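In what follows, a structure is listed as structure tokens, so that the remarks can point back to it.
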Amino acid sequence: MRIATFNVNGIGARLPALLQWLNETKPDVVCLQELKAPQEKFPEAAINDAGYQAIWHGQKSWNGVAILARGQKPIETGRGLPGDADDIQSRYIEAIVDGILIGGLYLPNGNPAPGPKFDYKLKWFDRLHTHAAKLLDSGAPVILAGDFNVMPTELDVYKPERWVDDALFRPEVRAAYHKLLAQGWTDALRTMHPGEKIYTFWDYFRNAYGRDAGLRIDHLLLSPALAPALTAAEVDRDVRGRKKPSDHAPTWVELDLKKIS
DNA sequence: ATGCCAATCGTTGATTGA
């Protein structure tokens with residue numbers, strides 16, 4: 001079973017690239033972020049025609065998350081991260097597919113730091129800690145997949161010294177990510193590629209992709225019940241080099257569910 | 001310190017992203 005995460009940076013602008021990638025790699029589940037489209041503008045028919053059913057939580061202009069499953073409808077278990085009834089940003093959606101609980105998330109960027117956006121990011125991280133702990137307590141196989149907007153370590157950024165004051169790399173944010181991992185989650189990509197420079201994002205500026213000036217900010221975290229099934233984790237890097245690309249590349253894990261059954 | 005690019009909304013620029 002292959003589960004992927006892909007920040008598409010606009011589902012409208014990215015639909016051809018998304019459909020091409022789905023057709024080529026046929027992941028079983030895909031978490032999408034940054035739909036940048038209201039609920040009614042999600043291209044459901046095109047997704048269905050590609051062999052997928054979807055649930056999504058849109059928002060005008062910004063944010064927006066979705067979960068796609070190949071040949072079946074994800075069974076939704078929640079949308080919106082618990083812990084703040086006043087938070088109306090579409091950044092979390094959760095579903096069950098083939099007995100796996102999937103949390104698709106788009107963690108706030110947080111720039112500029114310090115400031116209210118950075119405070120919102122840290123509060124969102126606190127809420128994620130609480131909800132993630134609850135998911136772990138269930139003992140179920142769980143995956144948290146999405147754009148975390150955090151480079152966990154210096155290995156995950158092409159030039160660490162340039163990013164130390166950025167909201168994606170500040171010590172508080174890295175500490176929050178490591179506090180989350182310490183609950184028992186497995187960072188799948190790093191586990192399968194220890195010590196390796198491996199990025200998931202390259203910005204549009206300064207020929208960042210051509211220079212491999214990238215960041216690792218898209219993550220797939222496995223609960224202890226699911227981690228033994230992990231057999232591969234990769235980045236579909238070439239997708240970033242195509243025409244009209246997202247600034248993120250699809251990132252995925254391969255799970256052998258026989259190993260945990 | 002800023003711009004560099006790209007998307008959306010909506011209109012020819014402002015805002016956001018990372």
Side-chain angles (χ1 to χ4, degrees), chain A residues 5-19 21 31-43 46 56-66 87-92 104-122 124-125 128 145-174 176-177 189 197-219 235 237 239-251:
Chain A
T5 179
F6 187 15
N7 179 323
V8 290
N9 187 16
I11 187 72
R14 211 66 60 217
L15 188 58
L18 173 64
L19 294 175
W21 170 73
C31 297
L32 300 178
Q33 303 87 39
E34 277 208 88
L35 302 178
K36 291 180 155 183
Q39 189 70 8
E40 63 274 15
K41 287 275 181 67
F42 185 84
W56 66 96
H57 193 194
Q59 183 183 330
K60 188 180 172 185
S61 301
W62 299 306
N63 310 316
V65 286
D87 184 3
I88 48 111
Q89 299 191 26
S90 298
R91 296 182 174 276
Y92 186 78
L105 64 96
Y106 175 44
L107 211 137
N109 174 307
N111 275 308
K117 290 185 175 179
F118 191 62
D119 295 340
Y120 174 64
K121 179 176 195 167
L122 294 179
W124 208 95
F125 234 134
L128 182 59
D147 177 358
F148 283 69
N149 271 317
V150 184
M151 296 86 88
T153 71
E154 295 202 338
L155 182 60
D156 301 313
V157 48
Y158 66 98
K159 194 173 269 196
E161 65 275 17
R162 287 279 174 88
W163 288 82
V164 287
D165 290 326
D166 190 278
L168 280 71
F169 198 52
R170 284 178 63 112
E172 307 95 302
V173 174
R174 276 184 272 169
Y177 183 83
L189 195 62
K197 185 180 78 172
I198 181 164
Y199 300 140
T200 67
F201 167 93
W202 298 261
D203 84 28
Y204 293 120
F205 307 160
R206 299 170 291 249
N207 188 33
Y209 183 66
R211 296 184 296 117
D212 198 25
L215 310 172
R216 189 173 76 93
I217 55 177
D218 300 277
H219 307 302
V235 179
R237 196 182 195 286
V239 173
R240 177 62 182 83
R242 296 177 180 174
K243 281 207 159 50
K244 269 183 82 75
S246 170
D247 38 9
H248 296 250
T251 305

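Chain naming here is simple, since letters A, B, ... match the order of the sequence lines and numbering starts at 1 in each. Worth knowing before you read on, the calculation uses all heavy atoms, side chains too, and leaves out hydrogens, waters and symmetry mates. Everything numeric here is computed off the predicted structure, so don't read it as measured data.
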Without decimals, in angstroms, what is the distance between A:K36 NZ and B:dG17 P?
9 Å
Please work out if A:K121 contacts a base, only the sugar-phosphate, or nothing of the nucleic acid, heavy-atom cut-off 4.0 Å.
nothing
Hey, is CZ on A:R242 packed in by over 12 heavy atoms from elsewhere, all under 6.0 Å?
yes
Nearest-angstrom distance, C1' atom, B:dG3 to B:dT16:
16 Å
Thinking salt bridges, do A:D212 and A:R237 make one under a 4.0 Å N-O criterion?
yes
From C-beta outward on A:F205, which listed nucleotide comes closest to its side chain: B:dT16, B:dC5, B:dC9?
B:dC5
Output yes when at least one side-chain N/O atom of A:K244 is less than 4.0 Å from OP1 or OP2 of B:dA7, else no.
yes
Listed partners of A:T153 passing side-chain hydrogen bond (donor to acceptor under 3.5 Å, both in side chains), at least two apart
A:D156
How would you label the contact of A:Y106 with the nucleic acid (heavy atoms, under 4.0 Å): base, sugar-phosphate, or nothing?
sugar-phosphate
Look at the side chain of A:K60 and decide which nucleotide, out of B:dA7, B:dC9, B:dG17, has an atom nearest to it.
B:dC9
In whole Å, I'd like the distance from the CG atom of A:N111 to the P atom of B:dA1.
14 Å
Comparing A:F201 with A:Y204, nearest DNA chain B nucleotide closer to 5' gives the residue A:Y204
Which part of the nucleic acid does A:D147 contact within heavy-atom distance under 4.0 Å: base, sugar-phosphate only, or nothing?
sugar-phosphate
For A:Q59 and A:Q89: C-alpha separation, side-chain torsions, deciding distance, then whether side-chain contact (heavy atoms from CB on, under 4.5 Å) applies.
CA-CA 7 Å; A:Q59 183 183 330; A:Q89 299 191 26; 4.0 Å; yes
Of A:P38 and A:P108, whose nearest nucleotide on DNA chain B comes first from the 5' end?
A:P38
Looking at A:K117, does any N or O in its side chain come under 4.0 Å of the phosphate oxygens OP1/OP2 on B:dG17?
yes
Could you check A:T5, A:D218, A:D147 and say which one makes a side chain to side chain donor-acceptor pair (under 3.5 Å) with A:T200?
A:D218
Please tell me if A:R206 has a side-chain N or O lying less than 4.0 Å from either OP1 or OP2 of B:dC5.
no
Tell me what A:N7 touches on the nucleic acid: a base, only sugar-phosphate, or nothing, going by heavy atoms under 4.0 Å.
sugar-phosphate
Could you give the distance separating B:dA1 and B:dG13 at their C1' atoms, to the nearest angstrom?
23 Å
